[in-house]
Structure formats: structure tokens, C-alpha cells
Amino acid sequence: MSHLAAFIREQRQVKPILLMTHVIYGYPSIEDSLQMMRTLLTKEVAILEVQFPFSDPVADGPVITHACHQALENKPSLAQCLLDINALAEEFPSSKVLLMSYLNPLLQFGFDKLAKAMAPGVSGVIIPDLPIDQHAMLKPLVAAKIDPVWLMIPAMDTARIKMVSEHAQGLIYCVSRKGVTGKSSDSTTAKQVLSDTLNELKPLTDVPIALGFGIASAEQIQEIIGQVDVAVVGSALINAYIEGGLSAFSDKVDSLLAA
Amino acid sequence: MSHLAAFIREQRQVKPILLMTHVIYGYPSIEDSLQMMRTLLTKEVAILEVQFPFSDPVADGPVITHACHQALENKPSLAQCLLDINALAEEFPSSKVLLMSYLNPLLQFGFDKLAKAMAPGVSGVIIPDLPIDQHAMLKPLVAAKIDPVWLMIPAMDTARIKMVSEHAQGLIYCVSRKGVTGKSSDSTTAKQVLSDTLNELKPLTDVPIALGFGIASAEQIQEIIGQVDVAVVGSALINAYIEGGLSAFSDKVDSLLAA
Amino acid sequence: MSDQGYFGQYGGSFIPEILYSSQQQLLQHYQEAMADASFIQKVKQEMQQYSGRPTPLTYCANLSAQIGGAQIYLKREDLNHSGAHKMNNVIGQGLLAKRMGKKRVIAETGAGQHGVATALISARLGLECTIYMGAHDIERQYPNVFWMKQLGATVVPVTSGSQTLKDALDEALRDWTDSFEDTHYLIGTSCGCEPFPEMVAGFQSVIGEEVKDQAMAQIGAMPDKIYACVGGGSNACGIFLPFVGTDTELVGIEAGGSGDGVGEHAKRFNTDQARFGISQGFATKFLQDEQGQLAPTHSISAGLDYVGVSPILADLSDRGLVRMSSAKDDEVIAAFKQLMLSEGIIAALESSHAIAGGLKEAASLSVDQNIVINVSGRGDKDIFTIASALQDQPFNDFLQGYLNRQSNNQGAN
Amino acid sequence: MSDQGYFGQYGGSFIPEILYSSQQQLLQHYQEAMADASFIQKVKQEMQQYSGRPTPLTYCANLSAQIGGAQIYLKREDLNHSGAHKMNNVIGQGLLAKRMGKKRVIAETGAGQHGVATALISARLGLECTIYMGAHDIERQYPNVFWMKQLGATVVPVTSGSQTLKDALDEALRDWTDSFEDTHYLIGTSCGCEPFPEMVAGFQSVIGEEVKDQAMAQIGAMPDKIYACVGGGSNACGIFLPFVGTDTELVGIEAGGSGDGVGEHAKRFNTDQARFGISQGFATKFLQDEQGQLAPTHSISAGLDYVGVSPILADLSDRGLVRMSSAKDDEVIAAFKQLMLSEGIIAALESSHAIAGGLKEAASLSVDQNIVINVSGRGDKDIFTIASALQDQPFNDFLQGYLNRQSNNQGAN
Ligand SMILES: Cc1ncc(COP(=O)(O)O)c(C=O)c1O
Ligand SMILES: Cc1ncc(COP(=O)(O)O)c(C=O)c1O
């Protein structure tokens with residue numbers, strides 16, 4: 001079975017919920033972004049999600065979109081990104097590293113080539129503009145035991161939840177109902193819909209579940225303990241960096257880990 | 001028969017050609033325009049043509065048009081104009097005074113009223129935008145023995161030349177073939193057409209003939225001696241005034257009279 | 001239609017003798033052309049294939065509901081090539097000028113709409129083109145001047161008198177007295193000496209003819225009332241004439257301007273500042289002072305501030321066959337906005353007078369009555385006037401930015 | 001037409017999962033609507049009664065003679081309400097949005113033409129309207145922004161990325177992921193996820209359908225070649241599709257820009273700077289770098305500089321059913337002028353690309369061949385660009401004078 005799934009289950013033995021944190025490769029500079037990753041890995045964050053920037057990140061909100069465009073100023077290359085994060089994965093075996101990007105940069109790189117370049121250290125990939133219907137595109141990754149992390153949303157219809165559960169391997173990434181990254185949706189109804197959907201999913205699969213979009217504090221993480229295995233924090237960390245640089249970033253991570 | 005015609009014939013006994021000069025009532029000021037008229041009459045110019053300004057003088061060129069608009073700044077009234085020029089006519093019996101204006105100011109004044117107000121001193125009226133076909137409009141003037149001075153042009157068709165000759169009384173005003181006041185048309189062909197037309201007219205009437213438009217010098221006057229009874233000078237005098245004021249105006253008159 | 005060029009006491013021909021023969025020539029060719037089915041066909045064809053006629057009749061559901069009275073339909077002359085009804089007239093006269101063998105046309109223009117239309121048809125028909133435009137109007141309407149020049153026309157600024165439309169007309173007449181042998185005077189509205197009022201109204205009557213068919217097809221009845229703005233009167237004549245003497249009431253809307261004082265409006269009806277007069281080649285109601293001097297005019301829409309009016313409308317009004325009303329500048333802006341917001345149609349400010357007049361009266365009509373308002377032209381040409389009226393700062397910033405870029409470029413060259 | 005939203009290898013649906021259900025809803029309603037004769041009838045009626053269709057086919061005698069080759073005809077989409085073919089699409093999608101019970105529409109716009117068209121139809125149909133427009137484009141095209149705002153639309157400047165059309169599209173998609181329950185995304189060209197490319201091309205196909213009838217009536221034969229400019233591809237699809245597989249050759253003209261360097265043009269064909277890619281919801285040829293980052297574009301016409309192209313055209317080109325060519329900025333200005341001076345038609349700079357392409361090829365055709373060039377829009381909107389290209393000083397003086405009057409007025413208030 002999936003290394004990623006196994007890793008998460010093992011960690012969950014001791015932790016009520018795991019933290020998955022997000023860094024953009026090349027923001028604010030390639031050096032600093034690697035520094036952020038190091039910080040996170042040193043603090044033993046369970047999962048590190050590295051976003052390779054794309055010029056048109058339609059699923060991202062203003063904070064990450066802006067950060068991606070700044071990152072692109074530094075002309076990041078996907079090949080180098082994968083070398084760098086493989087090295088980190090090797091250096092910090094007690095965390096898992098995931099790649100996140102949009103379809104086109106990966107498509108241009110080529111999925112066969114990508115499968116090779118992600119191995120051995122990058123466990124999975126998140127592609128927000130690749131719908132589950134297109135799962136066949138990722139065959140080369142699956143063949144190489146790299147887990148596509150499919151997204152699901154609350155109130156997704158049953159047929160599609162099934163499709164996700166059938167193709168899920170290491171992790172299922174559940175995002176809040178509406179909008180783009182950085183927007184929290186904490187209306188009670190939204191929460192109700194979410195738990196209904198999770199209840200519909202869980203009987204269908206034993207793949208671990210991550211919940212993301214809009215989680216910015218330890219409190220919010222506390223709230224979802226018991227519902228999912230992994231809490232994803234993205235924009236909140238970038239905001240911390242924007243406000244206070246690397247040290248604020250580091251403090252933010254600590255406060256989240258305290259959850 | 002017409003006093004005006006009689007006057008011209010009488011003068012022509014001693015002069016090869018008579019001079020008809022043009023002044024705009026109210027330009028540059030009512031006072032100065034009266035002063036110009038006095039100058040002309042003192043020099044015993046045969047005929048004084050006084051133009052009562054109109055806002056839209058379509059048959060006039062830039063010089064007179066501009067002068068008319070300046071004259072209007074002084075808010076001239078036709079009633080006062082007629083009083084003023086009647087007084088001059090009385091003061092200088094050895095010249096004849098004609099009124100020139102466009103149709104609308106006269107129409108608004110009313111032709112019955114106009115007939116009364118022109119008498120006794122103003123012998124005739126020139127209305128460039130009143131075609132001969134409309135002669136009936138001037139009945140009240142004709143009844144009061146005030147002469148409509150009809151315009152004719154070279155190459156006018158025979159029927160219309162006839163019409164003019166039938167309705168002409170004191171003077172027929174022949175203008176050059178094309179364009180507006182201030183434009184001379186001294187091409188030889190133009191001259192030929194002109195004399196052809198005059199030759200067509202003369203057998204039909206013994207009313208004196210004036211020739212106008214573009215006559216600016218004694219030489220030009222010399223040239224038409226024998227062809228017509230009266231030479232009309234308009235813009236040239238205003239140009240003289242514009243260039244050198246009243247004295248230049250006066251000198252210009254002298255040079256013209258020297259013809 | 002006219003009797004020797006007269007419409008009741010109005011109309012006629014009061015032009016310098018010099019123009020007599022060219023006017024007679026025009027008259028004769030016009031009458032011949034109108035009797036020539038192939039010419040009529042050619043005009044029809046150019047109106048369709050070049051200008052896109054027929055223009056639609058647009059039902060305004062939202063606007064009618066908002067007003068809560070009559071059902072409101074718009075005749076969409078704004079969809080003509082050039083963006084105004086002016087195109088109908090220039091197509092007709094342009095083809096006539098070609099038929100007469102003229103090499104050149106001249107025209108007067110106020111807003112510049114007729115100037116642009118004339119420049120367009122001149123390019124299309126291969127005629128030289130000179131446009132007379134008041135220096136004052138040029139200042140206000142430069143974008144139209146820009147296009148005229150781009151189209152190869154010579155634009156002559158008229159600096160005499162009030163430097164507006166009437167002076168441009170005077171100047172065009174002066175040019176014509178000098179050039180009639182090879183030049184046609186392509187007058188832009190239903191004014192001037194015979195046969196211009198009848199000719200222009202005739203070419204524009206395609207508007208009303210279409211409305212008849214469209215009303216039958218879309219309403220199933222003739223409209224109860226038709227509204228048109230009245231400058232010189234050509235769009236009004238065009239939509240009115242086919243309905244004269246029918247049960248449809250015809251309402252002309254003049255420029256009420258900013259007030260009723262002399263020079264504050266362009267009303268030739270319902271004011272004692274205008275009365276019978278003769279100038280610019282014809283007899284009609286002119287705004288004039290007691291001395292008979294033509295008076296200054298004002299309107300927020302450059303296309304409506306003309307001192308005279310079509311002799312055809314003056315006569316129809318005397319005979320009670322057309323009713324004349326007016327709309328003030330502020331009512332016009334309000335109507336412009338209401339139409340824009342409720343139906344997504346940007347009408348010319350000239351046309352917005354008709355809309356203001358129509359909406360005002362529609363309210364008191366019943367829901368089973370139908371009115372047609374003539375949208376004589378489109379309003380994008382009026383962006384400077386509208387932006388100014390609304391004091392739109394971003395527009396000023398945009399212009400400033402453009403100017404800055406320009407001076408930089410020129411620096412670079 | 002499409003196979004599950006695919007056109008060969010292009011098209012498809014690559015959107016965030018969040019949009020899946022609203023896309024499915026749109027797909028279903030679209031298919032139902034297309035099967036509903038009364039809906040089709042309603043679209044036809046609005047196209048005629050609101051936008052003035054059919055637009056004419058104009059024969060250009062002077063231009064054809066000048067070129068000395070094929071007979072040149074123009075399809076006059078510039079005579080649509082709003083001044084461009086964009087109106088055909090917004091009428092169709094606007095009525096569909098109403099049918100779906102949506103209260104609001106959102107749209108991306110580059111030049112602002114689609115933004116204005118969307119704002120117009122939104123006012124007409126009583127829909128709330130939000131337009132996303134690159135901050136950079138807003139600066140260049142403020143007059144269109146002015147009208148959108150006057151029409152009651154909310155215009156959101158997009159300050160991310162290149163601040164042009166593609167970023168506006170990204171931002172509109174982001175809005176949609178948040179608002180799809182009551183909002184229809186009214187995309188402006190034949191791009192995006194299923195069913196947008198097919199739907200937009202379908203509503204635009206009225207152009208080509210009309211050309212078929214008009215060619216028969218006016219030429220007595222189908223045209224030998226048809227030319228259209230290609231930005232996103234909607235006007236090209238509209239005039240091409242009814243002719244695909246016939247003997248008429250279909251030629252698309254892209255923006256050749258100022259040169260062939262990266263960021264100097266907007267060619268997605270005949271350049272190795274563009275290749276198969278997937279973004280903005282669909283697969284097509286995208287201008288992109290080796291990392292797959294979408295590339296910057298340039299064109300003198302804001303409406304053509306889009307980084308992708310309709311998947312329908314990408315496929316037709318692969319299959320040899322459409323030929324792709326391009327015209328450079330300076331050729332475009334020259335063609336714009338030549339058409340204006342010879343026929344009195346002021347074409348949009350976008351459309352002038354098609355004219356440049358058509359005239360270039362017409363010369364080498366025989367006089368008994370016929371070509372149709374699609375004039376997708378009118379050019380008065382481009383006055384700032386043209387005046388700048390021609391460095392027209394009087395225009396600058398006019399603007400300066402306007403600004404001076406403005407500051408005086410504001411002083412007065
Ligand atoms: C759009 C529009 N409507 C109306 C007019 C007024 O002219 P008329 O009264 O001859 O229709 C003009 C004149 O420029 C115009 O441009
Ligand atoms: C007049 C005009 N033509 C063409 C285009 C390009 O769009 P498309 O390729 O979808 O027709 C635009 C886009 O703004 C436009 O305004």
C-alpha cells in the first residue's frame with residue numbers, strides 16, 4: 001500500500017491530527033523558500049507541500065497568486081525544484097514531501113519524466129486544475145508508486161466521491177465548499193455539509209484525508225480533530241512571512257504545531 | 001421716370017463713369033461709419049451704398065462679413081440707420097443714397113414701414129438674397145417710388161435678363177460671374193461673358209447699369225468705361241480703412257475718383 | 001409634396017442670383033432621379049448593403065414597466081453606418097451628386113455627425129469632400145473632425161459670426177457660389193432652398209416607412225405616438241412624414257437647453273424669441289432679435305442648436321399635424337441614463353431629447369397604447385460631454401495619462 | 001460538434017473540482033436550450049430587434065479595383081449594437097443565464113468590447129454584472145470602462161500577473177468558484193471549458209449563416225475565401241464554421257504584433273513559441289516558455305493579444321480545414337487606412353488584421369474570384385490608438401483643452 005498512507009497512519013497513532021504546510025518554491029527567492037522548507041522540516045512538520053509556481057494559478061487566492069508571480073521572477077525550473085526537494089526529503093526522512101502545481105508546467109515536463117524526477121523523495125502530487133475524470137493522465141506516476149492526491153469538496157455528488165475513493169492512494173485532499181485558497185468558510189451550515197460529505201466518503205475508503213483552505217490558527221486545527229487526519233495550512237504561513245519575515249514564519253509554525 | 005435713373009443719366013453727361021461706394025452702417029462704430037459716409041459725400045461720390053449689417057451675409061466675402069459682425073456689436077437699428085442716412089441725403093443733395101441689406105432685417109421691419117422710413121432721401125434698395133422671382137415682395141417700395149436694384153450676373157439666361165429688365169427702375173446691378181464680394185474675376189473669358197450679357201441686356205432696357213464685385217483700383221474702373229454707367233467699390237474701401245484708418249480711406253476714395 | 005418649394009408660407013428659394021442656375025440644375029436632376037426606378041433602387045441597395053438598413057424597432061420591456069404607461073418602442077437609427085440617421089441622406093445625395101457628374105461635395109456640420117457621414121460617403125463614392133464647421137464646434141467635437149480628416153476630407157474652420165452651425169452653412173453657401181460647376185452642396189438637414197428640404201426629408205422617409213411595416217409586424221397596429229428630436233428636422237421629417245394625416249400623433253422635441261433666456265436654448269417653437277423669417281436660402285421660423293438678426297443658440301447636444309428649422313415642420317406645426325415640445329439639458333441627461341441603465345442602449349444626446357419627451361408623456365398613457373421614439377444616433381460620440389457632465393475623474397486621469405505618453409513618445413522621436 | 005467537449009486533442013474541461021457541478025448544470029441547460037425551438041427563436045429575435053441583424057455584406061468596388069485582384073466583400077459585424085460581433089454571443093449567453101435563473105453574470109474583457117457588450121445585455125436583461133479587466137488594459141481602454149460603469153456594471157481591475165486578458169480570465173474563474181450558485185460566467189470568446197467554445201462559436205455562427213445567403217443573393221456563388229482576425233477565435237469561428245468542408249478556403253489572421261520575439265506578438269500558430277498546453281480550463285495551443293509558464297503577448301489591438309486560442313480553430317488548423325496567417329502592427333494600420341479612404345468604413349484594429357491579410361492575398365487572385373473579409377467591429381473605439389500612431393497633435397490639443405475646462409469647472413464647484 002501507499003508509503004504516504006502508511007506514514008500518516010503511523011504518525012496518527014501518536015498525534016490526533018497531522019500538519020501539512022505549504023511553501024512556494026522560489027518565493028520570496030529560491031534560497032529563502034528552501035530555508036522555509038528547512039525550518040518546517042526541522043520542526044518535524046508531518047507533510048511539506050511544495051508548490052511549483054505557475055503563471056495562472058486559477059485555484060489560488062490573492063496571497064498565493066501574488067506570491068507565485070513573485071516566485072516566477074526568479075525563473076524557477078521544475079527539474080531543479082525536484083532535485084532540491086528530493087534532497088530535503090532525503091535529509092529529513094521523518095517528514096513526507098508533496099509536490100503541488102498546476103497541470104501545464106507538469107504536462108510540459110512530461111509525466112514519464114516527472115515520475116522519474118519525483119522519485120524517490122517526493123511522495124505525491126496535487127494538481128488543482130486536474131479533475132478526477134482525467135486520472136488516466138497520471139498513470140505514469142501511479143506506476144512509479146507516486147500518489148496523485150485527488151481533491152474533493154463538500155456536497156460532491158456520490159458518483160464522484162466514489163471515483164475519488166477508487167483512485168485515491170496516499171491521501172485525499174478535501175477543500176472547503178467555495179472559493180479559492182485563503183478563504184475560510186466556517187458557517188455552521190458549511191461545517192454540516194462538510195461532515196456529511198466526509199461521512200459519505202469514509203465508508204468507501206481507508207485512505208487518509210486532509211482538509212484545507214482557510215485554516216490559519218491552532219484553534220481551527222483543534223476544531224477538526226477527529227474529522228480528518230491532516231490539517232493543511234497555506235496562505236496563513238505566507239501571510240506570517242509577509243508580516244514578519246522568516247522569524248514570524250517560524251513562530252507561526254510553532255503556534256500551529258502547538259495544536 | 002426714376003429719380004435715380006434721371007440723376008445717373010444727368011451725371012453721365014459730364015462723367016464717363018460714376019462711382020458708387022459702399023459703407024457698412026455701424027462699422028467700425030456708428031459714428032465712424034457716418035464719418036466715412038460724410039467723407040464720401042463731401043467728395044461728391046455719385047452714389048453712396050449703405051449696408052445695414054446682417055448676422056448672416058451669405059453673399060459677402062470675408063472682409064465685409066467680418067465688418068458686418070463687428071458692426072453688429074454696436075447694436076445698430078434699421079430705423080435709426082434710415083434716419084441717419086436720410087439726414088445725410090438731405091445734407092448732400094448732389095449724391096444719391098442707396099440702402100443695401102439682406103432680406104430678413106428688412107422683412108422684420110416690414111416693407112410698408114420701410115417705404116415710409118426710406119423716403120424721401122434713400123432712393124433705392126439692394127437685397128442680394130432676394131431673387132428677381134420674388135419682385136412682388138417689394139411692391140410697397142415700388143409704390144413709394146423707391147427703386148429696387150435688381151442684381152444680374154453674366155451668362156444669366158435670357159428669360160431672367162428679360163425679367164430684370166421688366167422690373168428694373170433706377171439701376172441694374174451687375175455682379176461678376178462667381179463668388180462673393182471682394183473677389184475679382186478678371187479672366188479674359190469672364191470679361192467676354194460679361195460683355196456678351198451686357199449686350200444682351202442693353203437693347204431691352206435704358207435703365208443705367210452698375211458693375212460691381214472686385215473693383216479695387218482706378219485702373220479697373222478705367223477698364224469698364226463705356227461698358228457700364230456706374231462702378232461699384234466695396235471691400236477695397238474697407239481694406240483701405242483697415243490698413244490706414246479714416247485718412248487711408250479718404251486717400252483711397254480720391255484715387256478712385258481720379259479715374 | 002411641396003408647392004414650388006413652398007410648404008404653406010415656409011420654404012421657397014432665397015439665394016443669391018449667382019446660385020440660381022445651379023439650383024435649377026439640381027432641381028431638374030433631382031426630379032429626374034426620383035422618377036428613375038433604377039436610381040431609387042440604387043439608393044435602396046446602398047442603404048441596405050452599406051448602411052445596414054432596415055434598422056430595427058426595439059421593444060423596451062424594462063423601460064415600459066418602469067414608466068408604467070405606454071409600451072415603448074425605439075427606432076434604432078443609431079445602428080446605421082456612421083452611427084446616425086445622417087447616413088440615409090448622404091447616401092441619397094451622394095448618389096445624386098455622382099449622377100449629376102459632380103466631382104466634389106461640400107457640407108456644413110454642427111456636431112460633426114453630418115460631416116463624418118459626408119466624408120464617409122465621399123470616400124465610398126470617390127468624391128472630393130470639403131466640410132465647413134464652426135471653429136467653436138471644432139473645439140467641442142474634435143474627434144469627429146479627426147475622423148473627417150482621416151477619411152480624406154478637408155475640414156475648414158469657420159471663424160465668422162457665432163462660429164457654429166449657421167455660420168458653417170453661410171460659408172458652405174459662399175463656397176458653392178464659387179464652385180457650383182463641379183460641386184454639389186450636400187446639405188445635412190431638411191433646410192435650405194428648394195429642393196433641399198423636400199429632398200432630405202424624402203431620403204430620410206425610409207425611417208418612417210420601415211416603422212410602418214415593423215409596427216404592423218411587432219405591435220400589430222400603428223403606434224399611437226411617435227417622438228423625434230428636432231434640430232434642422234431631418235430625422236423628425238424622416239419618421240413623421242409617412243404618418244402625416246394618420247391617427248398617429250407626431251411629436252417633435254426641441255432643445256430646451258439650460259433655460260428660456262435668449263441664447264440658452266434652441267427652441268424655434270413655443271417661444272416668442274423665434275418667428276417667421278427668411279435667411280440661409282429659405283423661409284421658416286428663426287430665432288432672431290427684433291432687428292431680424294439671427295440669435296445665438298445653446299444645447300447640450302451640438303446637433304440640435306440650429307437657429308432655424310425645416311420649413312416642412314414649421315408648416316406641419318402651423319397646420320396642427322405635428323406637435324412641438326422640448327426637453328431641457330438636465331432632463332436629457334436623466335433620460336439618457338435611464339435608457340442606458342434599463343435597456344443597454346446608449347443614445348446620442350440629440351436623440352435623448354426625444355427619449356426625454358417620450359418618457360415624460362408615456363407615463364400618462366395607458367398600457368395598451370404604443371409609442372415609438374426615434375433614436376437618431378448613438379451616444380458614444382458624446383463621451384466627452386457625458387464624462388464632463390458627470391465630472392468623471394478617472395476619465396480625466398486617463399486623458400492625462402494618454403497626453404503624458406504622447407509627449408514622451410514625441411520626446412523619443 | 002464536439003466530442004465530449006473535445007475537438008481533436010484540444011478542448012476538454014480542466015477546472016477546479018469546485019466548478020464541476022456548475023459546469024455540469026450549464027452543460028445541461030445549454031443542451032436543453034439548444035433543443036428548444038422557442039429559445040432559439042428568442043435568440044434570433046433579440047439579435048434582430050435589439051442588435052439589428054442581419055448585418056450587411058458590403059461590396060467594395062473601389063478597394064477591389066485598387067487591389068486589382070479578387071472582388072472584395074465585407075461582412076459588417078461593425079454594425080451590430082455595441083459595434084462588434086461580441087453582441088451575438090452576449091445575447092445568446094445572456095438569455096441562457098436568464099433561462100437558468102441566474103441573477104448575475106461575470107465576464108473577462110481585454111479591449112473592453114466584450115465587457116461593454118456584457119454590460120449592455122445585462123442592463124437589457126436586468127442582470128447584475130461584474131467585469132474583470134486587467135489593470136493594464138483599463139489604462140489603455142478607459143473609454144470602454146467608462147461605459148461599463150455608466151451601464152451599471154462593476155469593473156474590477158485585475159492587478160495580478162501580466163494584468164491583461166488572461167489574468168482577467170483567471171480572476172473571473174476565481175469569482176465563479178465563489179459565486180456559481182447565482183452567477184453565470186459569460187465568457188467572451190470561443191475558449192474555456194466545455195461547453196463554452198462550442199456555445200460561443202454556435203451563437204456566433206449566425207455570421208457565417210448570413211454570409212451564405214447573402215453571397216448567393218449578391219455574388220451568386222459562395223466566396224472563394226473568407227478572412228477573419230483571430231484573438232480568442234469567436235468571430236473567426238462564427239464566420240468559418242458554416243463553411244467548413246466546403247470549397248471556400250478559410251483563413252484566420254493572428255496578431256503579428258511588432259516582431260517575432262517573445263512578447264512582441266500574439267501568434268499561436270506558425271511559431272514555436274506556442275505549443276499544446278492545458279490552462280484556463282481547456283487544452284489548446286498556448287504561447288508559453290519551456291517551463292510551461294504562459295507567455296506575454298503584444299498587439300496594437302488589445303482585442304487580439306490573448307495567449308491561447310479557440311480549441312476549435314486549433315483542431316481545424318491541424319486538420320487543414322483552416323489556414324492560419326498573421327499581420328503585423330504596421331500592416332494593420334496601413335490596411336485600416338486603405339479601407340477607410342477607399343470605402344468610408346472605419347474598421348476596428350482587430351478587424352483590420354483580417355483586412356490586411358485579405359488585401360495581401362486578394363492581389364494575387366483573379367478578378368472573377370470573390371473573397372469575404374469579416375469586419376468584426378468598428379474602429380471609432382480605437383481613436384486614441386490611431387491618433388497616437390499618427391501623432392495627431394490637434395487631438396492632443398483638444399484633450400488638453402478638455403482637461404483645462406474640467407479643472408476650471410471643478411474649481412467652480
Ligand atoms: C444623432 C443626431 N440626431 C439629430 C440631429 C439633428 O438633426 P436633424 O434635426 O436634422 O435630424 C443630429 C445632427 O447633427 C444628430 O447628429
Ligand atoms: C472588434 C473585435 N474583433 C475581434 C476580437 C477578438 O476576439 P475573437 O477572436 O473572439 O473574435 C475582439 C475582442 O475584443 C474585438 O473587439
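All values reported here derive from a predicted model rather than from experimental measurement. The sequence lines fix the lettering, A, B, ..., with proteins before strands; numbering per chain opens at 1.
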Intermediate values then yes/no, side-chain hydrogen bond (donor to acceptor under 3.5 Å, both in side chains), C/Gln273 and C/His265: CA-CA 10 Å; C/Gln273 291 160 30; C/His265 61 86; 2.7 Å; yes
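- Proximity to chain C (any heavy atom under 4.5 Å) is shown, for B/Leu106, by neither the backbone nor the side chain.
- The parts of C/Leu294 that come within reach of chain B are both its backbone and its side chain, each placing non-hydrogen atoms under 4.5 angstrom from that chain.
- For C/Glu171, no part lies under 4.5 angstrom from a heavy atom of chain B.
- Highest contact tally toward chain C, considering only B/Gln134, B/Gln108, B/Met156, B/Met152, is held by B/Gln108 [criterion: heavy-atom pairs under 4.5 Å].
- For the set B/Leu130, B/Leu151, B/Leu72, the count of heavy-atom pairs under 4.5 angstrom toward chain C peaks at B/Leu72.
- Considering only heavy atoms from C-beta on, C/Glu108 comes within 4.5 Å of C/Tyr185 through its side chain.
- Taking the ring axis of C/Phe286 as reference, the NZ or CZ atom of C/Arg268 does not stay both within 45° of it and closer than 6.0 Å to the ring centre.
- Salt-bridge annotation for C/Arg104 and C/Asp175: present, with a side-chain N of the basic residue lying under 4.0 Å from a carboxylate O of the acidic one.
- Proximity to chain C (any heavy atom under 4.5 Å) is shown, for B/Pro57, by both the backbone and the side chain.
- Proximity to chain C is limited to the side chain of B/Leu107, based on heavy atoms less than 4.5 angstrom apart.
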Checking B/Asn74 against B/Tyr25 for the side-chain hydrogen bond (donor to acceptor under 3.5 Å, both in side chains) test, could you report, in this order, the C-alpha distance in whole Å, the side-chain angles of both residues, the deciding distance, and whether it holds? CA-CA 10 Å; B/Asn74 304 317; B/Tyr25 182 77; over 6 Å; no
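- Interface remark: B/Phe54 contributes backbone and side-chain atoms alike to the contact with chain C (heavy atom separation under 4.5 Å).
- Only the backbone of C/Ser13 comes within less than 4.5 Å of a heavy atom of chain B; no side-chain atom from C-beta onward does.
- The residues C/Arg174 and B/Asp60 are annotated as not salt-bridged, no charged nitrogen and carboxylate oxygen being separated by less than 4.0 angstrom.
- Screening B/Pro105, B/Cys68, B/Cys81 for a side-chain contact (heavy atoms from CB on, under 4.5 Å) with B/Pro53, the sole residue that qualifies is B/Cys68.
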